[in-house]
Peer 1: 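After the structure tokens below, expect a handful of questions from me.
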Amino acid sequence: MADIAIAPARRTAPLPGAVDRRIEKSAPLTRFVLRLPEESITAAGAALGLDFTAPINRAVTAGYRMALRLGPDEWLVLAPAADAAIPGALGAGLADRLFSLVDVSHRQTGIRLAGPHAGAMINALCPLDLGSAAFPVGMATRTIFAKADIVLWRTGIAEFHLEIWRSFAPYVVSLLHEIGREYPD
Amino acid sequence: MLVISCPYCGDRPEIEFSYGGEAHVVRAPASVTDEEWTAFLYQRSNARGSYAERWRHAHGCGRFFNARRNTVTDFFEQTYKIGEAPA
Amino acid sequence: MTQKYRLATGGLIDRRVTVPFTFDGKAMTGHAGDTLASALLANGVHLVGRSFKYHRPRGIVSAGAEEPNALVGVGRDEGHYTPNLRATQVELYHGLRAESQNRTPSLERDVGSITDRLWRFFPAGFYYKTFMWPKGAWTKFFEPRIRAIAGLGRSPAAPDAARYAQIYAHCDVLVIGAGPAGLSAALAAAETGARVILCDEQPQFGGALLAEPGQSAWLAEQRARLAGFANITMLPRTIAFGYFPHNMIGLAQDLTDHQGETSDDAPRGRLWQVRAKQVITATGAIERPLVFPDNDRPGIMLADAARTYVERYAVKPGNRAVVFTAHDDAYRAAVSLHEAGVTIAAIVDLRESPEGPCLDAARAAGLPIRTHATIIGTEGNLRVAAVSVATIGAANAERIACDLVLMSGGFTPSVHLFSQSRGKLAFDPALDAFIPGTPAEPTIAAGAASGCQSLEAAIASGRAAGLSATGQAVAAPVAETVAAGFLGEVPHGRDPASVRAFVDFQNDVTAKDITLALAEGFRSIEHVKRYTTTGMATDQGKTSNMNALGIVSKSLGVPIPSIGTTTFRMPYTPIPFGYFAGYARGDLFEPVRETPIHAWAAEQGAVFEDVSLWKRARYFPRGAETMHEAVARECAAVRAGVGLFDASTLGKIEITGPDAAEFLNRMYVNAWTKLKPGRLRYGILLREDGFIIDDGVVGRIADDRFHVTTTTGGAARVLNMMEDYLQTEFTDLKVWLTSTTEQYAVIAVQGPRAREVIAPLVEDADISAAAMPHMSVVECRVAGVPARLFRVSFTGELGFEINVPADYGRAVWEAIDQAGQTHGIVPYGTETMHVLRAEKGYIIVGQETDGTATPDDVGLTWAIGKAKPDFVGKRALARTALASQTDRKQLVGLLTADPAEVLEEGAHLVADPAQPIPMTMLGHVTSSYWSAALNRSIALAMVRNGRARIGETLHVPLPGRSVAVTLTDPVFYDPEGARLDG
Amino acid sequence: MQKFSAFALAKEALSGQKGWTRQWRDAAPKPAYEAIIVGGGGHGLGTAYYLAKKHGLRNIAVLEKGWIGGGNTGRNTTIIRSNYLFDESAALYDHSVKLWEGLSADLNYNVMFSQRGVMMLSHNVHDEQVFKRHVHANRLNGVDNEWLSPDQAKSFCPPLNIAPGMRHAVTGAALQRRAGTARHDAVAWGYARAADALGVDIIQNCEVTGIDRDASGRVSGVQTSRGAIATRRLGIVAAGNTSVLMAMAGQRMPLESYPLQALVSEPIKPIFPCVVMSNTIHAYISQSDKGELVIGAGTDAYISYSQRGALHISSHTLEAICELFPMFRRMRMLRNWGGIVDVTPDRSPIIAKTEVPGLYVNCGWGTGGFKATPGSADLFAYTMAKDEPHKINAPFNLERFGAGRLIDEAAAAAVAH
Ligand SMILES: Cc1cc2nc3c(=O)[nH]c(=O)nc-3n(C[C@H](O)[C@H](O)[C@H](O)COP(=O)(O)OP(=O)(O)OC[C@H]3O[C@@H](n4cnc5c(N)ncnc54)[C@H](O)[C@@H]3O)c2cc1C
Ligand SMILES: NC(=O)c1ccc[n+]([C@@H]2O[C@H](COP(=O)([O-])OP(=O)(O)OC[C@H]3O[C@@H](n4cnc5c(N)ncnc54)[C@H](O)[C@@H]3O)[C@@H](O)[C@H]2O)c1
Ligand SMILES: Cc1cc2nc3c(=O)[nH]c(=O)nc-3n(C[C@H](O)[C@H](O)[C@H](O)COP(=O)(O)O)c2cc1C
Ligand SMILES: [Zn+2]
């Protein structure tokens with residue numbers, strides 16, 4: 001047992017410095033990789049209040065919770081850092097059904113990129129078609145940005161949320177900054 | 001950069017994928033002869049023309065799947081999920 | 001100099017804006033809208049360069065991308081210098097500095113032109129036939145001299161100052177070329193609402209119509225319509241350079257280069273990678289030169305180019321011209337020049353009795369026409385001065401003085417991109433040219449690129465392409481009669497041995513070189529190309545390939561379609577490397593991965609090393625310490641007290657699911673079923689071929705949950721391999737894999753005092769030796785933070801590895817460092833970690849192993865779960881060469897006779913250092929360090945049959961000496977492992 | 001064979017170049033040959049030459065589906081070196097370098113073997129360990145290879161950027177001075193001409209479409225696009241297409257064929273004196289005698305016979321070139337192309353008999369067989385003539401895979417080319 005008093009630990013975010021004027025660091029989030037075999041999908045949705053039947057590469061939100069379906073059986077569940085109820089709710093809701101839940105809150109970090117050139121800036125180094133027909137608001141997928149793997153989620157017509165592994169985050173942000181130098185806003 | 005149709009995600013750019021070599025090479029059990037083991041481990045049809053191969057949508061849904069591609073033109077004939085039979 | 005050859009009216013240049021520039025240091029002016037070529041011509045300059053091989057004086061031949069001759073170096077300073085730019089493509093800007101190339105000391109007097117006087121000694125392929133003796137003379141003597149004469153421009157001498165941008169784009173229709181065909185295509189497609197991209201390499205849209213004042217109203221109307229469509233992306237100054245599989249097109253867009261001396265803040269250019277549902281190539285056609293004796297003098301240019309200089313740039317390319325043609329279009333040029341005040345001394349037409357409206361117009365203008373006639377020679381040193389004209393087949397020639405010769409052999413459709421797309425070309429006998437045939441990709445050719453010659457046909461074919469690309473009904477094509485022209489060497493009746501009729505102007509390939517190649521047995525057009533170098537210059541044969549083909553066809557008596565073309569390859573015109581490199585520069589070249597503790601280490605003055613993409617602290621020098629001193633101190637501190645090490649880069653994989661243990665059984669050599677929750681095991685992973693690919697400690701967190709670690713460099717590879725087996729091989733298992741490498745910061749606390757240091761910080765766990773033995777794991781809180789606490793050691797000392805959520809890594813690290821101060825804690829780096837583990841004989845995968853080592857080779861047979869029926873690599877271990885006990889290299893320790901001698905890693909071992917070369921090598925040193933603990937050097941080595949040789953002496957031969965070593969057990973320190981249980 | 005020399009050039013200069021004769025005959029297939037080589041690349045033509053010259057065979061044909069030298073021989077970055085790690089490889093490649101040193105004279109054809117030195121850059125501690133292991137092994141094998149500091153590397157190759165702050169700073173280099181380049185086309189043509197002079201039929205536009213075997217299973221001939229041709233000794237030297245040909249004899253091979261790209265810049269005056277390779281950041285560069293920067297890229301991820309590679313692969317290489325040589329960032333790409341390289345599991349070649357009597361195979365050179373051309377041809381000719389391997393190529397057999405006796409240069413060094 002600890003025999004000295006321990007002060008609450010300080011968090012050090014993976015993106016320490018200031019970022020681009022178009023780039024906002026997201027607040028700390030709780031993040032889980034949730035894997036669900038077919039038979040657990042509905043029950044898990046009921047437990048967390050999220051629609052897990054939505055198609056692959058879509059985001060669903062309910063209140064402050066969000067889930068991005070990144071694979072046929074894979075969801076990235078996001079919630080404010082204070083939401084500590086997810087594992088418990090799933091455990092209770094799924095009882096003896098199979099699922100896998102892994103906490104990745106610190107594995108990655110989020111940024112929000114917004115503005116009229118947000119799509120073009122991402123397309124500088126991401127090969128996806130980000131036209132609004134091919135990549136509508138609500139679409140979310142893992143993809144490539146230069147030499148980094150990212151999760152790209154379109155949260156608005158000119159607004160994207162990116163999830164990036166922490167050690168790649170400075171690289172992605174520096175690239176976006178470099179790309180953004182030629183755009184006025 | 002090819003366009004590859006992931007059976008889960010649809011058409012996506014090649015750089016999201018990793019290559020998995022020839023498909024339908026069944027892993028030999030430990031009981032096989034040296035020749036059979038060597039065939040499994042090293043010998044590939046390496047076909048010129050229609051070729052069954054594996055890809056993984058590594059920077060996407062993460063799934064492995066199979067494809068048939070013409071190795072002369074690089075055009076895909078089809079892609080299909082693991083466990084499914086080619087059309 | 002005044003612009004003596006500038007016309008008073010007409011053209012698209014802006015006479016209000018005078019633009020100063022220099023050429024070879026000479027100050028001149030041009031106007032906005034000029035190219036460097038048109039401005040030079042306006043100043044009466046034709047001589048602009050020297051050819052590649054013979055250093056012949058060369059002038060401007062064309063007005064576009066096909067230019068073979070007018071290559072110049074441009075740039076305000078070395079950081080902005082580019083060699084080999086085509087003056088015909090360089091837009092004039094204020095202060096432009098251009099210099100000629102491939103000449104010493106000056107363009108007018110060039111010592112290199114000695115090769116021209118000796119040209120008879122330098123036929124095609126001459127270098128294959130000589131310079132072979134004496135041995136070594138090629139590299140030392142001949143080659144350097146040949147290299148000095150060859151080459152065109154010079155490399156910039158300083159790093160490029162510019163920045164480059166890139167973008168991926170998608171569209172329904174990409175239209176390449178904005179001439180009448182491309183404009184019509186883009187508009188027809190855009191009307192349906194399709195996403196259209198329209199690009200053209202020129203600064204303005206219009207293509208051929210930019211030189212047709214009569215069509216300016218039509219052009220203005222089309223441009224206005226374009227502007228009305230929000231769904232058209234318009235990209236002027238954008239070259240489509242490459243056609244890649246699955247309809248991806250590479251575009252190079254010039255952003256600021258044409259503006260000249262702008263700041264380097266804005267990117268110089270942008271690489272586009274466009275994925276199009278349909279592509280329309282409306283890339284026009286290129287006029288062909290005629291191949292006649294001495295056809296390469298400055299002042300000899302393509303007819304349509306001359307007309308373009310008059311009509312578009314308002315420049316008179318000479319005062320007195322002879323027009324040499326096999327095509328009607330040159331008559332239009334003749335009339336244009338005539339109207340601009342150029343005397344047309346003669347129109348020499350190869351054809352017997354050409355007729356048509358173009359000839360009528362020339363006749364009406366009173367221009368002298370000689371049909372069935374040819375040019376058999378030219379005169380003039382640095383500029384053409386006269387031509388000799390003869391009736392075909394006749395002996396006597398007429399000398400006609402001139403300062404300008406226009407030539408037209410007809411037009412070659414620009415099929416480069418279509419052909420790059422692997423579409424099949426079809427030979428059109430009416431055109432005497434290849435046109436797009438069966439496509440391989442969704443692509444349509446339009447306009448002159450598809451063989452149209454009239455404006456009406458070009459517009460109609462463009463519109464039809466735009467409609468069909470968007471799935472609409474298309475009307476029948478406009479009927480037109482097209483004219484071919486002439487291919488190959490023109491008849492001149494002179495001794496072929498004594499004349500040079502140039503086919504490839506830049507590489508100095510003559511008609512005679514091509515027939516020589518044929519005579520020497522080079523029959524395939526690909527061989528002809530490579531033996532003569534025709535078409536291999538920086539213009540890639542845009543003006544020469546068809547003529548070369550014509551010569552081959554006539555010489556061999558084989559029709560052109562049976563000969564075929566050489567392969568079209570990207571890029572269509574040369575593209576700067578910088579476009580491809582784009583943003584990937586300096587720290588943005590590749591991600592620099594840093595751990596959560598990196599900043600702390602940097603603040604302490606750590607020296608870092610690159611391990612895959614990671615930066616890892618290698619050692620923490622104090623004051624002026626060398627690496628050796630720092631490492632010795634860090635080692636001693638860990639052995640005697642306690643040290644702190646950042647192990648965050650280790651790969652981590654969370655394996656969950658009811659079958660997790662069985663999955664590990666099948667993947668790793670080890671047995672996992674009996675591993676209890678809360679315990680750790682060292683695992684070894686093989687490839688299916690039996691060789692070690694990775695290793696790491698695996699902790700069982702719960703029955704259905706494992707925490708797997710991998711090497712730093714192996715993290716992604718191992719996860720991918722596991723996913724592969726899980727998804728495709730062991731599909732019966734209910735298991736899920738999640739990378740947690742970056743979820744945790746990993747802090748290793750190692751040394752006899754490790755427990756004392758961390759104990760005060762640990763909550764919710766009993767870490768006493770009894771409760772938490774070596775190789776166990778517990779979930780608890782450390783410094784107030786939830787942690788997975790491993791009791792594990794890679795140093796041989798009592799040790800812990802604390803996994804905490806990454807954002808808390810630094811705080812926990814600092815808390816431990818703080819708590820450790822009274823115990824003399826020191827941070828240590830990877831170098832110390834290496835020494836400590838080597839003292840214990842622990843291997844590093846990738847250092848002791850190199851992809852050819854089995855578990856037994858490195859003494860890890862004990863780890864193999866013998867009872868398991870199968871695991872990845874098991875079957876392979878039974879192969880003869882792997883199962884051998886005597887033939888394999890095995891891990892041993894080495895002690896040098898002189899304890900101060902630290903062997904070099906990579907050095908090899910032999911039994912007899914006196915044997916002759918090649919020596920029989922028995923193995924090599926994999927790791928070698930100064931051991932502070934043992935106060936001597938130690939080394940690990942892989943040695944053939946090494947375990948049986950322990951105790952023997954072997955030798956490490958070094959340059960000039962040899963070091964004797966004794967083979968020992970690889971564990972140098974605490975062989976009983978007593979310290980682990982501290 | 002007409003003798004090539006400065007004298008011959010002078011004579012022809014004065015007599016209108018009329019005296020040059022064919023460098024090789026455009027032979028039509030005969031019904032039968034003592035030995036047939038499939039594949040008119042450097043290795044195949046060289047094999048025919050040595051079979052005729054050293055082993056006295058006279059009735060030999062080389063069958064080439066296109067034009068000789070049109071395969072990888074005509075599309076490689078021409079790097080020649082022999083500083084390989086394992087004894088087997090060092091012996092093989094150094095045998096070749098020694099033959100290169102006399103090749104122009106032997107063939108009476110200037111193949112422009114230029115021993116300007118090949119420098120391999122190290123960028124981290126691991127690279128250093130690997131390269132030093134090479135340097136030591138090479139020295140004991142009699143192969144020259146030396147370790148250079150970054151400054152020494154810079155003075156050997158002045159355009160090199162050795163700034164310590166680079167993303168992948170240069171920490172040293174291994175230099176083989178005897179290594180260098182040669183003129184790729186000349187190698188094919190020189191062998192063809194010399195083989196032709198010894199009576200070898202070089203038959204172009206002749207694609208082998210089938211392999212015939214007699215009742216005993218022995219090779220009895222080939223089917224081709226120009227008819228059937230009989231032979232009892234068949235050597236397959238078809239690089240990227242080896243699997244396709246061997247399948248005609250029912251043989252599955254341990255090979256995969258990948259696209260490999262190269263590119264050249266526009267020519268410039270001499271600036272780059274040697275060859276530089278960086279495996280860590282994927283760049284290979286030299287300057288040809290004509291002045292182009294010759295740059296090698298990596299393979300594409302997938303099997304392909306398309307002879308072209310993807311843009312992102314060559315872009316990646318150009319990123320690396322621009323980092324190492326920042327003044328080349330403004331240089332322009334002139335032409336880019338691809339070849340088909342046949343890769344074995346251990347990245348070492350196969351020069352061997354097969355289980356089919358009369359069938360021999362020389363393949364698996366992957367991204368690095370140009371350097372081996374004369375040595376490989378010499379040893380393969382020996383193997384075909386004697387029906388047993390020479391001791392240098394004996395380890396490079398087909399059985400090594402099953403036995404696990406791999407010669408894994410790639411695993412040992414992650415070195416291509
Ligand atoms: C881009 C690139 C760069 C390279 N760089 C280097 C380097 O720097 N250094 C180095 O040492 N190596 C390099 N290599 C490898 C090297 O080019 C090859 O290993 C070597 O040239 C192989 O020679 P070859 O004679 O075996 O094959 P090839 O020259 O490919 O000859 C094989 C011939 O077989 C013919 N053929 C195939 N099928 C048939 C059939 N059915 N019937 C008849 N003929 C057939 C083909 O048409 C071809 O001409 C490189 C390769 C590439 C592609
Ligand atoms: N015989 C002939 O073929 C012939 C001769 C003279 C004039 N013409 C006239 O030429 C016109 C033909 O119209 P068109 O639209 O087919 O051709 P065009 O020559 O008018 O336009 C082609 C355009 O494509 C651009 N281009 C070519 N390759 C490119 C590339 N790779 N990337 C970007 N841009 C590229 C060129 O800069 C040019 O602007 C008609 O007016 C016709 O009468 C034809
Ligand atoms: C060492 C080397 C140098 C080359 N130099 C040139 C060159 O200067 N100009 C050129 O057009 N092509 C050059 N090439 C490329 C060839 O033109 C051609 O692209 C290559 O042989 C592949 O053939 P393919 O493109 O016809 O398929 C060179 C090729 C090699 C191997
Ligand atoms: Zn997918």
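In what follows, every heavy atom counts, from backbone to side chain, and hydrogens, waters and symmetry copies are set aside.
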Peer 1: Please flag which part of Pro267(C) lies under 4.5 Å from any non-hydrogen atom of chain A: side chain, backbone, both or neither.
Peer 2: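 Contact with chain A is through the side chain of Pro267(C) alone.
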Peer 1: Could you check which of Asn123(A), Leu98(A), Leu175(A) has the highest count of heavy-atom pairs closer than 4.5 Å to chain C?
Peer 2: Asn123(A)
Peer 1: Counting heavy-atom pairs under 4.5 Å to chain A, which of Thr656(C), Leu255(C), Val812(C) comes out on top?
Peer 2: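 With the most close heavy-atom pairs to chain A, the winner is Thr656(C).
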Peer 1: Near Gln821(C) CD, under 6.0 Å, is it more than 12 heavy atoms from other residues, nucleotides or ligands?
Peer 2: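 More than 12 within 6.0 Å, yes.
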Peer 1: Are side-chain heavy atoms of Cys126(A) and Tyr168(C) found at a separation under 4.5 Å?
Peer 2: no
Peer 1: Heavy atoms only, distances under 4.5 angstrom: which of His598(C), Glu814(C), Arg195(C) has the most pairs with chain A? Name it, please.
Peer 2: Arg195(C)
Peer 1: When you compare the side chain of Asp73(A) with that of Trp736(C), does any pair of heavy atoms fall below 4.5 Å?
Peer 2: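 A side-chain contact exists here, since the closest heavy-atom pair is under 4.5 Å.
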Peer 1: Measuring heavy-atom distances to chain C, does Leu128(A) have an atom under 4.5 Å in its side chain, in its backbone, in both, or in neither?
Peer 2: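 Contact with chain C involves the backbone of Leu128(A) alone.
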Peer 1: Chain A heavy atoms under 4.5 Å from Trp614(C): which part of the residue, side chain, backbone, both or neither?
Peer 2: side chain
Peer 1: Report which part of Val104(A) has an atom under 4.5 Å of a heavy atom belonging to chain C: side chain, backbone, both, or neither.
Peer 2: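 Both parts, backbone and side chain.
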Peer 1: Determine the option with the most heavy-atom pairs under 4.5 angstrom with chain C, choosing from Gln108(A), Arg35(A), Glu74(A).
Peer 2: Arg35(A)
Peer 1: Locate the shortest heavy-atom distance separating Ile167(C) from Ala120(A); write the atom from each residue and the value.
Peer 2: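 Shortest heavy-atom separation between Ile167(C) and Ala120(A) comes out as CD1-O, 3.9 Å.
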Peer 1: Between Ala169(A) and chain C, with a heavy-atom cut-off of 4.5 Å, which part of the residue counts as in contact: side chain, backbone, both or neither?
Peer 2: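 No part of Ala169(A) comes within 4.5 Å of chain C.
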Peer 1: Any side-chain heavy-atom pair from His170(C) and Leu130(A) closer than 4.5 angstrom?
Peer 2: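 They are not in contact (no side-chain heavy atoms under 4.5 Å apart), so the answer is no.
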Peer 1: So which part of Ile655(C) gets closer than 4.5 Å to some heavy atom of chain A, the side chain, the backbone, both or neither?
Peer 2: neither
Peer 1: Tell me whether Gln818(C) at atom CD has more than 12 heavy atoms from other residues, nucleotides or ligands lying less than 6.0 Å away.
Peer 2: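 Count not over threshold, so no.
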Peer 1: Provide the closest heavy-atom pair for Phe589(C) versus Lys147(A) in the form atom of the first, atom of the second, distance.
Peer 2: O-NZ, 2.6 Å
Peer 1: Show your reasoning for whether side-chain contact (heavy atoms from CB on, under 4.5 Å) applies to Val102(A) and Arg705(C).
Peer 2: CA-CA 10 Å; Val102(A) 177; Arg705(C) 184 172 290 256; 4.0 Å; yes
Peer 1: I need the Arg166(A) CZ to Thr595(C) OG1 distance, nearest 0.5 Å.
Peer 2: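 Reported to 0.5 Å precision, the distance equals 9.0 Å.
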Peer 1: Side chain, backbone, both or neither: which part of Phe32(A) has an atom under 4.5 Å from a heavy atom of chain C?
Peer 2: neither
Peer 1: Are any non-hydrogen side-chain atoms of Arg275(C) and Asp129(A) less than 4.5 angstrom apart?
Peer 2: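 No; the side chains remain at least 4.5 Å from each other.
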Peer 1: Taking every non-hydrogen pair under 4.5 Å, which of Gly131(A), Ala13(A), Pro37(A) racks up the most with chain C?
Peer 2: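 Of the options given, most contacts go to Pro37(A).
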Peer 1: With side-chain contact (heavy atoms from CB on, under 4.5 Å) as the test, would you mind laying out the steps for Phe168(A) and Val592(C) before giving the verdict?
Peer 2: CA-CA 7 Å; Phe168(A) 289 90; Val592(C) 180; over 6 Å; no
Peer 1: Are the side chain of Glu742(C) and the backbone of Trp165(A) linked by a donor-acceptor contact shorter than 3.5 Å?
Peer 2: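 Side chain of Glu742(C) to backbone of Trp165(A), a donor-acceptor pair under 3.5 Å: no, none is there.
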Peer 1: Between Glu178(A) and Arg585(C), is there a side-chain N and carboxylate O pair less than 4.0 Å apart?
Peer 2: no
Peer 1: Please flag which part of Ala584(C) lies under 4.5 Å from any non-hydrogen atom of chain A: side chain, backbone, both or neither.
Peer 2: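 When you check distances to chain A, only side chain atoms of Ala584(C) fall under 4.5 Å.
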Peer 1: If I measure from the heavy atoms of chain C, does Ala146(A) come under 4.5 Å with its side chain, its backbone, both, or neither?
Peer 2: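 Neither; nothing under 4.5 Å.
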Peer 1: Please test Ser174(A) against Leu588(C) for side-chain contact (heavy atoms from CB on, under 4.5 Å), starting from the C-alpha separation and ending with a verdict.
Peer 2: CA-CA 8 Å; Ser174(A) 306; Leu588(C) 300 181; 3.6 Å; yes
Peer 1: Using non-hydrogen atoms only, which part of Ser739(C) is less than 4.5 Å away from chain A: side chain, backbone, both, or neither?
Peer 2: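 Both backbone and side chain.
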Peer 1: With rounding to the nearest 0.5 Å, note down the distance linking OH in Tyr583(C) to CD1 in Ile179(A).
Peer 2: 5.0 Å
Peer 1: Is chain A contacted by the side chain of Gln166(C), its backbone, both, or neither, given a heavy-atom distance below 4.5 Å?
Peer 2: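 The answer is both parts of Gln166(C).
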Peer 1: Under 4.5 Å between any side-chain heavy atoms of His106(A) and Tyr744(C), yes or no?
Peer 2: no
Peer 1: Where do Arg107(A) and Asp807(C) land on the salt bridge (charged side-chain N to carboxylate O under 4.0 Å, His left out) test, with the steps shown first?
Peer 2: CA-CA 9 Å; Arg107(A) 181 179 78 172; Asp807(C) 277 3; over 6 Å; no
Peer 1: Based on non-hydrogen pairs under 4.5 Å, which of Thr109(A), Leu101(A), Val172(A) is most in contact with chain C?
Peer 2: Leu101(A)
Peer 1: When rounded to the nearest 0.5 angstrom, what distance separates CZ in Arg11(A) from CZ in Arg810(C)?
Peer 2: 16.0 Å
